[in-house]
Each structure stands twice: as C-alpha cells, then as structure tokens.
Amino acid sequence: MVVEEIGDKRFSRTITEKTIDQLPDGEVLIKVSWSSLNYKDALSASGNRGVTRKYPHTPGIDASGVVEESRSDAFHPGDKVIVTSYDLGMNTSGGFAQYIRVPAAWVVPLPAGLDLRESMIFGTAGFTAGMSVMALIHSVPVDRGDVLVTGATGGVGSLSVAILAGLGYSVTAVSGKTTAESFLKKLGARKIISRSEATAGHERPLLKGLWAGVIDTVGGEILASAIKSTDLQGVVTCCGNVASPELSLTVFPFILRGVSLVGIDSQNCPMEYRRKVWQHLASDWKPALLNDLCREVTLDDLDSEIELILRGAQTGRIIVRMES
Ligand SMILES: NC(=O)c1ccc[n+]([C@@H]2O[C@H](COP(=O)([O-])OP(=O)(O)OC[C@H]3O[C@@H](n4cnc5c(N)ncnc54)[C@H](OP(=O)(O)O)[C@@H]3O)[C@@H](O)[C@H]2O)c1
C-alpha cells in the first residue's frame, strides 16, 4: 500500500507493485505473513505528518513473517519473527506490504506458544496492553479492588480487559459504544460504564476512590477523572490520546492518595523488557478468546477499516492477511 499526497493536504492510498530493492537498507529481509491495523497506522495512512514526515509512504507499524535473507548472526532464513514499534511504518516502509527490510535490533523471534497470525492479533495494541498490565500488576494485587479500562472496545483496551480478566482482576470497562456490552462481557469485564459516567463530577479535584488501578487508552477528561477516582496507592497507566492529549489535574490524587501515574511508550521499549512482555503474551497472559477479538481483512479491504478506526468506531483488532 502506497500513500501519496495528491494535492493540498489530500492523500491517496493505492495498492502498487514495487521491487525489493526499493525497500530501505537493513540487515533482515522478512516476507510478511500478517500485519494489523492500529490507530497510528490510520494516522500515517491519512497523511498525518506527526506520524509520517515524508510521502509517498507504506504504513504498517506491525508485521509478522518469515526471514528471507539476513546479514545478522541472530536471524536465519526460515526464522519466524515479529516486528513492531521502532520506526516501522512511521518513516520506514511498513507492514502493509509483502516484504519489509529492517535492522536486526528491531526483530523479535516469535515466542513459543504464539503463531504468526496470533502475534498480529496482539500487534502493537496488544504489546501496549501487555506493558500496561505489567506496570499495573507490579503494584496492584488481584484482591485490592476493581480495575478500570478506558477505550475498552479499542485495540489496546479490549486486550487489556481480556488479559486482566484472565489474571483474575475485576474489570470495569468504559465504552462509548452502546452495543459493546456483550463483546466486553465475553472478554471478562464485570461491569460496563458510559463515558459520561466515567467523567461524572470531573470538575472536582478528588472523587470517591473507586479504582485499585486504571489502564487508560484515551487521555483527556476520562483519564483525569480516572486518576481522581483512584484509591490509595493505586496505579494508573497512560498510553493514548484518542480523546485528548490534555490532562487537567491538581496534585491531590498523588499527594493525598499516593496514586502513581505510569507512562507507557511501546515504541522505545528496551529489547529485554520487550521479549519479556511477548513471553507473557504467548503464555500466562494469552486470552482464551484471542481469536474472537479480531476480524481478518486483506490489503484491498483496508481503506474502509482505516476510516472506521479514525472515527473511534472499530471494535477489537483488525488483522491483515498478507500471505496468499
Ligand atoms: N504509547 C504507546 O506506546 C501506544 C501504543 C499503542 C497505541 N497507543 C495509543 O493508544 C490509543 C488507542 O490505540 P488503539 O490502537 O487501541 O485505538 P482504537 O482501536 O481506535 O481504540 C481506541 C478506543 O478509544 C475509544 N475512543 C475513541 N474516541 C474516543 C473519544 N473521543 N473519547 C473517548 N474515547 C474514545 C473507543 O473505544 P470505546 O468506543 O469502547 O469507548 C475506541 O475504540 C491511541 O491514542 C494510540 O495512539 C499508544
């Protein structure tokens, strides 16, 4: 898929034939089997220069596939691998293509317990959910109380709900979709609340301490209200800004309740920690219903899926079949 600027801030998306030598230099050439759609891909695919500076460009921040050529001793032809994060699909030709060529330092061997398709049901969204869960469970034991997940039907949100519920946490999900209840209950959410319930009383500096922990994927007023509603020693993780990048707060949740706010940056996560998160995703954190969390599409179908995710209207994960 090539995204090109065709006029004043107007961009086109076409499926085009290119040759391997048009790919950027890198130690590992990978034949892509699967990719996936993340919110960031939709931004890159629609000309957002905060994500992608130069066009024409091939988006796709996620890819899984098989090594075809390698100049690195760490990888050999035939190895099954995952590439997410770093610069893939941002300013490096990405996973919405049959091949990627990347530095060896970006490549993760497919962990035992996952196949290539499953690894893309997780993709960057699931990896980010994994990093958020890791930060939360470090300080919040299962019996401490309810955990809130915002943007719950989205990629990061739905996988966070499923992983936390699988670990035995009592999860309350915030969703703007009135039809989300059966999907979220199936993933293991105990309770579903609306965005307006999640922000009730938001003008006050502190609210009743309801949550032992929070995984926030949306930012803005929902995140601010979640922090104000977090109980003593609670942990709140923050990874996204689909609602807003603003955060309007006082210091009171931090100095009167010992609440911690943990930033989640999957893009620059160090490789050792990255492999640890993938190991958990492939084993003790792998949701039983992983396959129910996704819809499968091809490159030809991606246009309408991109428009849906930009409107916040996707549910779960979209995976892209690249192999025939
Ligand atoms: N920091 C990192 O490393 C990292 C990694 C991955 C993703 N992210 C960020 O995390 C966020 C979520 O990514 P994603 O791939 O999960 O996106 P997604 O699949 O589009 O999910 C976002 C969800 O947020 C909710 N939402 C959408 N618009 C909203 C609004 N205006 N107000 C409140 N809620 C809204 C919707 O869920 P409901 O309808 O259920 O409310 C939507 O499904 C994005 O901002 C993305 O850039 C960050």
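Each ligand, and each atom within it, is numbered from 1 in the order the structure gives.
- Counting only heavy atoms of the protein, atom 45 (O) of ligand 1 lies nearest to Asn241 N, 3.0 Å.
- For ligand 1, none of its N or O atoms has an N or O atom of Val218 under 3.5 Å away.
- Less than 4.0 angstrom separates some heavy atom of Ser175 from each of these atoms of ligand 1: 38 (P), 39 (O), 40 (O), 41 (O).
- Residue contacts with ligand 1: Lys40 is excluded, as none of its non-hydrogen atoms falls under 4.0 Å.
- For a threshold of 3.5 Å applied to N or O pairs, the pair formed by Ile222 and ligand 1 contains no separation below that value.
- Taking CG of Leu136 as the reference point, atom CE of Met131 lies at 13.5 Å (rounded to 0.5 Å).
- Between Glu69 and Arg101 no salt bridge is recorded (no basic side-chain N to carboxylate O distance below 4.0 Å).
- Proximity of Ala180 to ligand 1 is not established, as no heavy-atom distance is less than 4.0 Å.
- Considering both main-chain and side-chain atoms, Ile264 comes within under 3.5 Å of ligand 1 through a nitrogen or oxygen pair.
- Nearest heavy-atom pair across Leu293 and Ser158 is CD2-OG, 3.5 Å.
- Remark: ligand 1 atoms within the under-4.0 Å shell around heavy atoms of Cys239 are 1 (N), 2 (C), 4 (C), 8 (N), 9 (C), 10 (O), 48 (C).
- Between Asn38 and ligand 1, a contact under 3.5 Å exists for no N or O pair.
- Some N or O of Lys177 is nearer than 3.5 Å to an N or O of ligand 1, by distance alone.
- Within 6.0 Å of NZ in Lys18 there are more than 12 heavy atoms belonging to other residues, nucleotides or ligands.
- Distances between N or O atoms of Asp265 and those of ligand 1 include no value under 3.5 Å.
- The distance criterion of under 3.5 Å between nitrogen or oxygen atoms is met by Gly155 with respect to ligand 1.
- By the 4.0 Å N-to-carboxylate-O rule, Arg295 lies close enough to Glu305 to be salt-bridged with it.
- Surrounding CG of Asp265 are more than 12 heavy atoms belonging to other residues, nucleotides or ligands, all under 6.0 Å away.
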Exercise for review: Starting from the C-alpha separation in whole Å, work towards a yes-or-no answer on ring-ring contact (aromatic ring centres under 6.0 Å, His included) for Phe127 and Phe122.
Suggested key: CA-CA 6 Å; Phe127 180 75; Phe122 285 116; 9.9 Å; no
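- Residue Ala243 has no nitrogen or oxygen atom sitting less than 3.5 Å from a nitrogen or oxygen atom of ligand 1, judged on distance alone.
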